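Each remark here refers to the structure printed beneath this line.
Note that this is a predicted model, so its numbers are computed, not measured. Per chain, numbering begins at 1; letters A, B, ... match sequence-line order.
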Protein chains: 2
Amino acid sequence: MSKIKVIRNETKLAAIEQQASILFKQKGYSATSMKDIAEQIGIEAPSLYNHISSKADLLKTICFSVADSFEEEMKRSEQRNATPEVELEQMLRFHIQMMLNNFTTLWVANHEWKHLSQIYLKKYIDKRKAYENKMRWLIEQGITKGTFAALDAKMATLIILAALRGLEFWQKEKQPANADVLENNIIQQLFNGLTQ
Amino acid sequence: MSKIKVIRNETKLAAIEQQASILFKQKGYSATSMKDIAEQIGIEAPSLYNHISSKADLLKTICFSVADSFEEEMKRSEQRNATPEVELEQMLRFHIQMMLNNFTTLWVANHEWKHLSQIYLKKYIDKRKAYENKMRWLIEQGITKGTFAALDAKMATLIILAALRGLEFWQKEKQPANADVLENNIIQQLFNGLTQ
DNA sequence: CCTACCGATCGGTAGG
DNA sequence: CCTACCGATCGGTAGG
């Protein structure tokens, strides 16, 4: 009986985190009230505190679950010992898949992280920076090898990261989104550009 | 004397709008209080209402001043009767310049527009859509002509728009930002891609 | 431009 | 899981 209780509480916690993500994306973190979240779950606002410790902690959980996913992929990626251009392509493909499969939580992590409490803000920014640095390093390697054009590596990184965010708009359009076509289209455009 | 008064009030209104933009970008619209804005100006919160009608109206003014700038450029652009690829390039260059010279207000328009009141929300979305459609139409023309590769025009548009947002990150890095180099780098990467 | 103040709502706690 | 309630803060108004 106690076992069932634990399972139920875990699914309810998951439901709260999911609804919080949806609302944080829809209205923004600050404009979302605990009452808003509670209503989606079907309970009163104070009852949320049986599952979570605070609104700030809810945001922390969402942002760090995303950051940790990317961190883990980076570690896996390094163990594959691929060429810089292949490793970059693989990072991009992982990023695109994350965008398609977890787009609400990614949206929140990308746009609402600035509302993280002081304690977690720096740690979060550092994790993001590590990902960005890794991508820039791969581009620099590609430039040195001569595979990539002699662009500004930092700007190329930012353009790529920004372009990946374009998938947010794509999701919004509710296109049936054939993941493979999407992936290849983006990779092609970023690697080869617009012109023939 | 009354003339001086008018001028003073106009500059104070401009100052309020400027500080509001900075704070809306920094903390987000919802997390910014009228007291926050008033403090930056050096007056009490209720005194703001001698210059503005509401917080919502402040956001409206910011968002629509940006949207109107792009709308005017689109009209000018059409009168130049250039080829689609040249017109696209010119639109991109204008967009980049706007990003560099008005990046705080553009940031707010890009990220906080969802907090616009019902009445203005649809009108704003329509203006954005018109800009997006114009860009997609130019890309479609370029594809038909054979100047551009046979990409998905809609996705290409979204990738370009997202990439232009990358300049937000760039600004944040406080790089001295030689505008010409930046412009050419972005145009090159979007048109020709990463690879040699 | 200020002080004084309004009703509404916020995140969160107490106690059961 | 609820009701009752806390102090704080919100956007905005009245009146001078």
| note | B:Leu48 atom CG is separated from C:dC1 atom P, nearest whole Å, by 9 Å
| message | For A:His111 and B:His111, take the angle between the two ring planes, folded into 0 to 90°, and tell me which bin it lands in: parallel under 30, tilted 30 to 60, perpendicular over 60. | response | tilted
| query | Partner of D:dG15 by Watson-Crick or G-U wobble geometry, both contacts under 3.5 Å, or none? | reply | C:dC2
| Nearest to side-chain heavy atoms of B:Ile43, which nucleotide of D:dC1, D:dA4, C:dC2 | C:dC2
| query | NA contact type, A:Thr32, heavy-atom cut-off 4.0 Å: base, sugar-phosphate, or nothing? | reply | sugar-phosphate
| Given atom CG of B:Asp36 and atom P of D:dG11, what is their separation to the nearest angstrom? | 8 Å
| request: State which of C:dC1, D:dC1, D:dG11 makes the closest approach to the side chain of A:Lys12. | output: D:dC1
| Separation of C:dG11 P from A:Glu39 CD (nearest whole Å) | 12 Å
| query | Will you find, in the side chains of B:Glu39 and B:Gln19, an N or O donor that is under 3.5 Å from an N or O acceptor? | reply | no
| Shortest side-chain distance from B:Ser47, nucleotide among C:dC1, D:dG12, C:dT3 | C:dC1
| Between C1' of C:dG12 and CG of A:Asp57, the distance in whole Å | 14 Å
| Can you check the A:His115 NE2 to C:dG11 P distance for me, whole Å? | 13 Å
| task | Using whole Å, report how far CD1 of B:Ile52 lies from P of D:dT13. | result | 10 Å
| Donor on one side chain, acceptor on other, B:Glu73 and B:Gln90, under 3.5 Å | no
| request: Tell me which nucleotide among D:dC10, C:dC2, C:dG12 gets nearest to the side chain of B:Lys35. | output: D:dC10
| field | N/O donor-acceptor pair under 3.5 Å between B:His115 side chain and A:Lys27 backbone | value | yes
| field | For the student: nearest non-hydrogen atoms of A:Phe191 and A:Glu85, plus distance | value | CZ-O, 4.2 Å
| task | Give the nucleotide from the list C:dT3, D:dT13, C:dT13 with an atom nearest to the side chain of B:Tyr49. | result | D:dT13
| remark: A:Glu44 has its side chain closest, among C:dG12, D:dC2, D:dG12, to D:dC2
| Side chain of A:Lys55 - closest among C:dC2, C:dG11, C:dC1 | C:dG11
| request: Using heavy atoms to find the nearest nucleotide of DNA chain C for A:Asn50 and A:Met34 separately, return the residue whose nucleotide is more 5′. | output: A:Met34
| Nucleotide nearest B:Ser33 when distance is taken to its side chain, options C:dA14, C:dG11, D:dG11 | D:dG11
